[in-house]
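Residue numbers run from 1 in the order of the sequence given.
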Amino acid sequence: MTDPHSSWESCEERIRAAKTADELDVIEQELFGRKAGAMTLALQSLHETAPDERKKAAAELNTWKRTFEDLLAARRKELASPSNETLRTSDRIDVTLELPQRERGHLHLIPEFIREVEEVFGRMGFDSATGPEIETEEFNFNLLNIPRDHPARDMQDTFWLAANNPADRLLLRTQTSPMQIRYMQSHKPPLRVIAPGKVYRKDSDATHSPMFHQFEGLMIGEDVTLANMKAVMITAIRALVSPAAEFRFRTGFFPFVEPGLEVDMRWQGDDAASREGKWLEVVGCGMVHPNVLRNCGIDPKKYQGFAFGFGVERMIMIKHQIPDLRAFFQGDLRFLRQF
Ligand code: DAH
């Protein structure tokens, strides 16, 4: 008869070395099978053992029995979950592989540009303010020195609101200029502010959209001059569009400034054949009209200053050579993803 110890030990090794659950089943059957299992038979033969040795032999067998049960359960569990070795070979990740770029959302190019505007003017000491898109005739026109019968009213084709107080009609603001009035009525000079936002006009073609963005600027103090205005505008245009931006100042008329100026920037536009480029008006500006200061309770003998209004989409068109302004609002991802 073989030494029972060495055969129990070899069983133990086989369990530890088993590679599959089937192998474990076979070993379990060999040990605990009802009729011929080695452990079953050994336990049955205990009664043949001499009484004085029986207790010791039974204790020993029970220890082996529990060992096998625990080992079988533990090995089954191990085989069911992948080992480090399995993971290393079948589930490895090469962290040096180039992954496809995950698509991320980002700001639309208009709000992104407006943030830059706030930053550039912020560095020059300008506050930023916003105001209502539904304005009154008083703020949008009258207080800006554009009374009801003034021909300049026709320069901006206005969306009027239907339900209206005839004495002070409501409209969709045609410009951010009413923010000059609102800000001067609530702040004392000296002051510096920009006011970005949406404006509305009945207009639509490659360089006009019925809704577009402007930002107004205003600087009032005791000795603010036209030279200060030029310096601020040139600094802003170079920072926002390009250090090499080409622009020209020429005189222009706006009822709320005197003198008034317009700034044009060179634009390649949709006319690729023409290397010359065209000039596109992007800014109106000038020294704030004394009537406007007076309308806001500011003494024009003591204070003066300048105002300007930039067309946001037009500046972006020049910055990125975008031929048609309507692309901003069509929601075409192929266009938007480029910025
Ligand atoms: N509000 C004018 C427009 O929309 C632009 C403008 C011109 C604004 C001259 C100004 C300015 O502040 O001084 O056409």
Side-chain angles (χ1 to χ4, degrees), residues 1-116 118-119 313 316 319-324 326-339:
M1 191 181 151
T2 51
D3 171 15
H5 260 287
S6 67
S7 70
W8 293 145
E9 273 163 18
S10 77
C11 278
E12 184 180 347
E13 252 158 56
R14 281 173 62 208
I15 295 173
R16 289 190 197 281
K19 289 268 177 297
T20 63
D22 286 349
E23 248 177 87
L24 287 175
D25 287 345
V26 171
I27 300 170
E28 187 173 29
Q29 192 60 33
E30 281 176 27
L31 281 170
F32 297 113
R34 284 249 244 130
K35 289 200 176 119
M39 182 55 74
T40 315
L41 294 176
L43 286 166
Q44 275 169 11
S45 65
L46 268 180
H47 69 271
E48 291 161 12
T49 315
D52 51 337
E53 281 179 26
R54 196 178 297 161
K55 208 171 168 190
K56 193 174 153 246
E60 212 172 287
L61 273 184
N62 270 316
T63 306
W64 277 115
K65 184 176 173 242
R66 242 176 289 125
T67 303
F68 292 141
E69 285 166 351
D70 292 350
L71 271 179
L72 283 165
R75 187 68 189 138
R76 275 219 171 80
K77 216 166 150 194
E78 262 174 35
L79 289 175
S81 71
S83 68
N84 284 343
E85 177 61 19
T86 317
L87 282 179
R88 202 166 60 74
T89 53
S90 70
D91 199 29
R92 67 179 146 205
I93 294 171
D94 183 349
V95 293
T96 66
L97 275 182
E98 216 167 288
L99 293 176
Q101 193 93 63
R102 175 112 63 87
E103 171 134 10
R104 294 223 187 136
H106 59 80
L107 283 179
H108 184 275
L109 72 178
I110 292 175
E112 189 181 50
F113 186 81
I114 288 175
R115 281 196 188 180
E116 276 172 43
E118 287 175 324
E119 208 181 297
E313 284 82 354
I316 302 175
K319 180 173 183 169
H320 296 297
Q321 297 298 327
I322 296 166
D324 192 325
R326 288 167 290 202
F328 287 108
F329 309 115
Q330 283 162 346
D332 186 334
L333 288 175
R334 289 167 304 180
F335 171 75
L336 296 174
R337 279 191 184 123
Q338 297 175 49
F339 307 99

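Contact annotation: the side chain of Trp64 approaches that of Glu12 to within less than 4.5 Å [non-hydrogen atoms, C-beta and beyond]. Between Phe335 and Leu109, the closest side-chain pair of non-hydrogen atoms falls below 4.5 Å. You'll find the side chain of Ile322 reaches within 4.5 Å of the side chain of Phe328, heavy atoms only. Residues Leu31 and Trp8 are in side-chain contact: their nearest non-hydrogen atoms beyond the backbone lie under 4.5 Å apart. Looking only at side-chain heavy atoms (C-beta outward), Val26 and Asp22 stay at 4.5 Å or farther from each other.
Residues His47 and Arg54 share a closest heavy-atom pair of O-NH2, 3.4 Å. Of all non-hydrogen atoms in Ala57 and Leu46, the two that sit nearest each other are CB-CD2, 3.9 Å. Nearest heavy-atom pair across Ala42 and Ser45 is O-OG, 2.8 Å.
A salt bridge links Arg75 with Glu78: the distance from a Lys NZ or Arg NE/NH1/NH2 to an Asp or Glu carboxylate oxygen falls below 4.0 Å.
The distance from the CZ atom of Arg337 to the NE2 atom of His106 is 8.0 Å, given to the nearest 0.5 Å. One finds the CZ atom of Phe68 at 11.0 Å from the OG1 atom of Thr63 (value rounded to the nearest 0.5 Å). The distance from atom CG of Leu24 to atom CZ of Arg76, rounded to the nearest 0.5 Å, is 5.5 Å. Between atom CG of residue Leu71 and atom SG of residue Cys11 there is a gap of 10.5 Å, rounded to the nearest 0.5 Å. Between Glu313 atom CD and Asp324 atom CG the span is 12.0 Å, to the nearest 0.5 Å. Asp25 contributes atom CG, which lies 9.0 Å from atom CG of Leu72 (distance to the nearest 0.5 angstrom).
Aromatic ring orientation, His320 versus Phe339: tilted (interplanar angle from 30° to 60°).
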- Task: Before giving the answer on salt bridge (charged side-chain N to carboxylate O under 4.0 Å, His left out), spell out for Glu69 and Arg66 the whole-Å C-alpha distance, their side-chain angles and the decisive distance to 0.1 Å.
- Result: CA-CA 5 Å; Glu69 285 166 351; Arg66 242 176 289 125; over 6 Å; no
- How far apart are the C-alpha atoms of Thr40 and Lys35, what are their side-chain angles, what is the distance that settles it, and do they pass the side-chain contact (heavy atoms from CB on, under 4.5 Å) test? CA-CA 7 Å; Thr40 315; Lys35 289 200 176 119; over 6 Å; no
- Message: With salt bridge (charged side-chain N to carboxylate O under 4.0 Å, His left out) as the criterion, how do Arg326 and Asp332 come out once you've worked through the C-alpha distance, each side chain's angles and the decisive distance to 0.1 Å?
- Response: CA-CA 11 Å; Arg326 288 167 290 202; Asp332 186 334; over 6 Å; no
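No more than 12 heavy-atom neighbours from other residues, nucleotides or ligands sit within 6.0 angstrom of CZ on Arg115. Heavy atoms from other residues, nucleotides or ligands lying under 6.0 Å from NZ of Lys65 number 12 at most.
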